[in-house]
Amino acid sequence: MTITDQLSDLLAGAARSLGLTPPAVHLSPPKNPAFGDYSTNLPLILARQAKKNPLDLARDLVDQLDPLPDTVAPPEITPPGFINFRLQPTYYYQVLQEILDHPDQYGRTHRGAGQTANVEFVSANPTGPLTVGHGRQAVLGDVVASILEWHGYEVTREYYYNDAGRQMRLLAASVEARYRELLGETTEFPEDGYQGEYIRDIARSVLATYGNALPREAPEFRREAETTIFQDIRATLEQLGVRHQIFSNEQTYYERGDIDRILSELKARDLIYEKDGATWLKTTRFGKEQDTVLIKQTGEPTYRLPDMAYHRDKFQRGFDVIVDIFGADHIATYPDVLAVLEALGMDTGRVRVLIHQFVTLVRGGEAVKMSTRKANFVTLRELVDRLGKDVVRYFFIMRGMNSHLNFDLDLAEDQSEKNPVFYLQYAHARIANILEHARAFGLEWTRRYDPKRLTTSEEFHLLKELDHIPRTWEAALDSLEPQVIAQSLQSLATAFHKFYTECRVVTDDQELSRARLALVTAVKSVLRNGLELLGIAAPDRM
RNA sequence: GCCCUUGUAGUUCAAUGGAUAGAACAAAUCCCUCCUAAGGAUUAGAUGUAGGUUCGAUUCCUACCAAGGGUACCA
């Protein structure tokens, strides 16, 4: 039980003993250190209910707070009605000891212990290389998965793609057109075809492998395209440090009959009907303005139907948590899928849908519309090649998924040297260097140290940052917003760099040195854990 | 038209309804006989507009303006 939980309980108890019914008591570290270490607005919230002035109520509440843990100083009351708690040094020394005792447990909640989670992300159809835009989702999904793992979930990272629809046919037709061009035949390039240079490369490879006599619409065109492009996608993800355990595709659900099964169940529940030669889903039942086409006039389902089959499959595989990560273009479609699953009797409360906004690519001061078909994209591979995995990952993860990110290609390379990720890594490397330096002086951090030798404001600032880590990393589990982890590491690194300039670790005073070695050792493990969560290297040397 | 997301410093982004709105880059000025200056210190600089709710609003509500996405037989 954390100190804030204890204080919350005490405050709630105090409120009840005054005859009040308190809401969830909220304690948070105030921005201004003059207001103590943790602060609550409970008197302000309860003033109306108590029919009292908040300051008077605060005094009454404080009078009822008994007994406080001995690591907490007597609380202070400040206008307009906050109660501020200050923690004793012994509390922070305990935090330090806790980290040193269990460096890999600090900040874990085990809330997911014994549970499984599935995170579906990237899921780009194999029609072209991954773009910078996909990079955001790749990193977001990977770190969300890591956060779940950190808190005890057994996580499956999954990639789902459509391999049965119009896009893949168009891809095959584009390859075939380039193939026939190579043979000198006059062909028409398909309207809306894929225009990228990589299509010509695939056509050349088809020619080299299968010769010049492939019949019209030979399956080789598609197969070769899919295989080649998928290899490229997987290699790019690998470069970014993203690994999916499972690749699922739409075709499977046709073959297994799941699509037909969904259809007949929807029919049995009177949720579909025929009109104009198409099959419609009654999405108006779910509060939409219009019904939705499930099967086109051509007899081919839209992607929604296999999506439904795929999601039901994920339910049937028994995951406790199912996370779907989509770009903003899917915002209108996932409610249909969820509504259908609900209608078919599944508990959609297990599903967490995370929508991220798109990355706007800026070149020469102007926004570039990216399109795989028109081949005016910048590939993710190019980006990772040029900037490196850590810079690219950090760039995408340091911002909230709802921000409409601007990515300026002209600045990317300049900025990459100034990427804040180096600030974090440098803190880690500096500590590694201190430890090495200490060893050279015959000073090894052992379990023996006297925490009371830590007294300066820089040391306490660091200890307080360490103290904040668990609540921040737990908040990341609730919100599945990775940027709060990045922010917590930034604050920790800032506190460390400040400490570094003000406090020398390796000194003639062996006892002081040992205490500071203990402190930086703790900081180092938290930084390492945090960087690992983000999938970023924690180097010992830079 | 309607729906979703977003408008914060010159720029790119932060800020569970809290107290003095943070950081980075860009600009200006300092600090390496000292464990790595990829660092530290200092200066200047912002909540789109108009209302509302609240003890308190960047945060919640309404309208307007602007950007991105969606608006159903592309995914």
Side-chain angles (χ1 to χ4, degrees), chain A residues 26 28 30-32 34-35 39-41 44-45 47-48 53-54 78-82 84 123-125 127 161-162 165-167 170 192 276-281 283 288-298 300-304 307 327-333 336 355-358 360 362 367 372-373 395 398-408 411 414-415 417-427 429-438 440-441 471 475 478-479 483-484 486-487 490-491 493-494 496-498 500-507 513 516 520 541-542:
Chain A
H26 187 62
S28 62
K31 273 179 288 199
N32 187 338
F35 297 132
S39 169
T40 184
N41 59 354
L44 289 158
I45 305 279
R48 187 185 295 257
N53 163 326
T78 51
F82 291 99
N84 303 325
S123 296
N125 295 338
T127 56
Y161 61 100
N162 301 101
R166 173 169 179 272
Q167 298 304 326
L170 214 46
D192 292 333
D276 303 334
T279 303
W280 297 71
L281 176 68
T283 35
K288 292 263 176 143
E289 284 180 19
Q290 295 166 68
D291 288 338
T292 307
V293 171
L294 273 191
I295 301 176
K296 309 179 212 170
Q297 285 174 336
T298 60
E300 185 175 71
T302 65
Y303 68 100
R304 267 188 185 72
D307 260 17
D329 54 344
H330 277 71
I331 198 144
T333 77
D336 295 352
I355 302 283
H356 67 90
Q357 296 301 320
F358 288 133
T360 303
V362 180
T372 304
R373 260 200 307 255
F395 178 85
M398 65 191 285
R399 283 76 190 266
M401 66 184 93
N402 278 326
S403 70
H404 297 244
L405 214 46
N406 270 326
F407 192 95
D408 190 325
L411 284 180
D414 280 1
Q415 300 270 329
E417 291 167 20
K418 294 162 188 152
N419 189 291
V421 73
F422 296 127
Y423 188 82
L424 306 183
Q425 295 180 314
Y426 187 50
R430 265 185 157 174
I431 296 173
N433 193 62
I434 292 171
L435 298 179
E436 195 176 313
H437 190 254
F441 271 70
R471 45 183 285 124
D478 291 321
S479 68
Q483 82 274 13
V484 302
Q487 282 160 26
Q490 281 288 328
S491 314
T494 300
F496 169 75
H497 286 305
K498 178 70 176 162
Y500 181 88
T501 43
E502 300 297 330
C503 305
R504 213 182 150 72
V505 174
V506 180
T507 66
S513 296
R516 287 181 172 169
V520 299
R541 212 173 267 285
M542 287 175 76

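What you see is a predicted model, and the numbers here were worked out from it, not measured in a lab. A, B, ... follow the sequence lines: proteins, then strands. Residue 1 opens every chain.
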Side-chain heavy atoms of A/Asp336 within contact of A/Lys288, under 4.5 Å: yes
Which nucleotide in the set [options] lies at the smallest distance from any side-chain heavy atom of [X]?
| X | options | value |
| --- | --- | --- |
| A/Phe358 | B/G39, B/A72, B/G68 | B/G68 |
| A/Ala278 | B/C34, B/A75, B/C73 | B/C73 |
| A/Lys498 | B/A41, B/C55, B/A75 | B/A41 |

Ring-on-base stacking B/G39 with A/Tyr500 (under 5.5 Å, under 30°): no
Heavy-atom protein contacts under 4.0 Å, nucleotides 20-29 of chain B, coded B base, S sugar-phosphate only, - none: B----SS---
Could you tell me how far [M] sits from [N] if I compare only their [atom1] atoms? Round to whole Å.
| N | M | atom1 | result |
| --- | --- | --- | --- |
| B/A72 | B/C2 | P | 16 Å |
| B/G18 | B/C4 | C1' | 29 Å |
| B/U6 | B/U59 | C1' | 14 Å |
| B/U8 | B/U47 | P | 10 Å |
| B/C64 | B/G70 | P | 23 Å |
| B/G69 | B/C61 | C1' | 24 Å |
| B/U43 | B/G48 | P | 26 Å |
| B/G68 | B/G52 | P | 32 Å |

Base, sugar-phosphate alone, or nothing: which one does [X] contact when heavy atoms must sit under 4.0 Å apart?
| X | result |
| --- | --- |
| A/Gly81 | nothing |
| A/Ser479 | nothing |
| A/Ser39 | base |
| A/His497 | sugar-phosphate |

What is the separation between atom [atom1] on [X] and atom [atom2] on [N], rounded to the nearest whole Å?
| X | N | atom1 | atom2 | value |
| --- | --- | --- | --- | --- |
| A/Leu294 | B/A72 | CG | C1' | 10 Å |
| A/Gln357 | B/G7 | CD | P | 10 Å |
| A/His356 | B/G69 | NE2 | P | 14 Å |
| A/Leu411 | B/C13 | CG | P | 11 Å |
| A/Arg430 | B/C32 | CZ | C1' | 11 Å |
| A/Lys296 | B/C73 | NZ | P | 9 Å |
| A/Phe496 | B/C35 | CZ | P | 13 Å |
| A/Ile45 | B/A19 | CD1 | P | 14 Å |

A/Thr292 and A/Thr283: side chain donor to acceptor below 3.5 Å: yes
Any side-chain N or O of [X] under 4.0 Å from OP1/OP2 of [N]?
| X | N | value |
| --- | --- | --- |
| A/Arg304 | B/A75 | no |
| A/Asn406 | B/U12 | yes |
| A/Thr292 | B/C73 | no |

Aromatic plane relationship, A/Phe496 with A/Tyr500 - under 30° parallel, 30 to 60° tilted, over 60° perpendicular: tilted
Which residues share a side-chain hydrogen bond (donor to acceptor under 3.5 Å, both in side chains) with A/Thr507, sequence neighbours left out: A/Ser513
5′-ward residue of the pair A/Arg48/A/Arg399 relative to RNA chain B: A/Arg399
Earlier contact from the 5' end, RNA chain B, for A/Ser123 and A/Gln487: A/Gln487
Straight-line distance of A/Thr302 OG1 to A/Ile295 CD1, nearest 0.5 Å: 8.5 Å
A/Arg373 CZ to A/Asp192 CG distance, which is reported to the nearest 0.5 Å: 5.0 Å
Do [X] side-chain and [N] base share a donor-acceptor contact under 3.5 Å?
| X | N | answer |
| --- | --- | --- |
| A/Asp329 | B/G69 | no |
| A/Thr302 | B/A75 | no |
| A/Asn419 | B/A38 | no |
| A/Thr283 | B/A72 | no |

Watson-Crick or G-U wobble mate for B/A15, both contacts under 3.5 Å: none
Anti versus syn assignment for B/C34, with syn defined as within 90° of 0: anti
